[in-house]
Amino acid sequence: MVNLVKDRYIKKNEQQERIGIGISFGTFGELLQGVLQDNNNFLVTMPIECYSRAKYISNKSSNILKVFPTYKTKSLNLANHILKHFNLQEGGILAIESNLSVGKGLASSSADLVATSRAISDYYGIDISNTLLNRFMREIEPSDGVMYDGIVSFYHRKVRLCKYIGNVPPLSIVGIDEGGVVDTIAYNKVQKEFTDYEKKVYEQLLNTITKAIKEKNINEIGRIATKSALMNQRFIYKKNLHKLIEICEEVDGLGVIVTHSGTCLGILLSTEDVNFDTKLFKVKNKLYTITDDVFVYHSWRGKLENMDFQSKF
């Protein structure tokens, strides 16, 4: 579990009250997602430098926990689960901020939940293991595995770790959003049919990308991400996928990555490539011929940013 920010205080009722702070990164979809031969649905995470941040404070004069914004009901639900489990004061305030867009496949709600857990853990100085957190989150919705540092394979429907794989390589994603939103809970309730052959392919891809990540073979990572994006077309079709694959090949990029249960897709570039700036410029210009909204995300490199909150208690 990451080191949480300690010793934060605010002025309230002319007394110093401690604040619990929690932060979680999001993901840009998945490097790989599918079903294994044992019928387990799985994904391989792609952590990015975008975050959800939660701030928690107890209110001893109330037994009601309030969340801001008020629509963050999943985080409120999780917080109440944790407080009851540890027999803690249930009244208080939970404030959440995020720069992860909702319904796009960026693990926005999972990141909210992990940040919430870490904020309560920080406030009370309690240890909420990932195993326990997964149990609580399983009762709320499928999860993206953002509670684990680095890249993992994760059983998202069961909310259980498959395997920790390794550190995130220095990558950038130049992408676009095709619009709309996807309800993750509804999407994961739909049973998808896979042939035995497809399950075998996914098993091979998981083994290969696990080895590639451990060996920092970014070209192989990009190849598998592209393969997974193509295999996902029959579930959530990305109309610009083939165009992005063409652009990727033109600039000698690593591959194409998609938010499998979302609306975004992008081209993977190595930030350590000596021609990175040139490739980034070319890709952005080509994507601007598709849409005016082109974004760049960078892979998470092992540090949770401590950014100031705008929300006030």
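Any value given below was found using the heavy atoms of this structure, including those in side chains, with hydrogens, waters and symmetry copies removed. Source: prediction; values computed, not measured.
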Notebook entry, point to check: What are the two closest non-hydrogen atoms of L100 and L106, and how far apart are they?
Noted result: CD2-O, 3.7 Å
Check: Under the 6.0 Å and 45° cation-pi test, does R118 pair with Y124?
Finding: no
Notebook entry, point to check: For E193, does the CD atom have more than 12 heavy-atom neighbours from other residues, nucleotides or ligands under 6.0 Å away?
Noted result: no
Item checked: K282 and D252: CA distance, side-chain angles, deciding distance, salt bridge (charged side-chain N to carboxylate O under 4.0 Å, His left out) verdict -> CA-CA 11 Å; K282 288 181 178 179; D252 193 25; over 6 Å; no
Item checked: Neighbour count >12 (heavy atoms, 6.0 Å) for atom CG, N167 -> no
Check: Do E90 and K60 pass the salt bridge (charged side-chain N to carboxylate O under 4.0 Å, His left out) test, and can you show the C-alpha distance, the side-chain angles, and the key distance before you say yes or no?
Finding: CA-CA 8 Å; E90 294 181 24; K60 296 179 177 60; over 6 Å; no
Check: Does atom CG of N207 have more than 12 heavy-atom neighbours from other groups under 6.0 Å away?
Finding: yes
Check: Would you say the ring centroid of F235 lies under 6.0 angstrom from that of F194?
Finding: yes
Notebook entry, point to check: Are the charged groups of R234 and E198 less than 4.0 angstrom apart, N to O?
Noted result: yes
Notebook entry, point to check: Counting only heavy atoms not in K214, do more than 12 sit closer than 6.0 Å to its NZ atom?
Noted result: yes
Check: Between Y148 and F154, how do the two ring planes meet: parallel, tilted or perpendicular, split at 30° and 60°?
Finding: tilted
Next item on the list: Give a yes or no on whether a salt bridge exists between R53 and D112, defined as a side-chain N under 4.0 angstrom from a carboxylate O.
Entry: no
Margin query: Around atom CZ of F276, are there more than 12 heavy atoms from other residues, nucleotides or ligands closer than 6.0 Å?
Written below: yes
Margin query: Taking K74 first and then E141, would you say they form a salt bridge - that is, a charged N and a carboxylate O separated by under 4.0 Å?
Written below: yes
Margin query: Take a 6.0 Å sphere around CG of N87 and say whether it holds more than 12 heavy atoms from other residues, nucleotides or ligands.
Written below: no
Check: Per the side chain to side chain contact (heavy atoms under 4.5 Å, CB included) rule, which among I173, V283, L280, L269 passes with V296?
Finding: L280
Notebook entry, point to check: Does the ring centre of Y123 sit less than 6.0 Å away from the ring centre of Y56?
Noted result: yes
Next item on the list: Indicate yes or no: does K199 engage E203 in a salt bridge with an N to O separation below 4.0 Å.
Entry: no
Next item on the list: May I ask you to decide whether E250 forms a salt bridge with K286, counting only side-chain N to carboxylate O separations under 4.0 Å?
Entry: yes
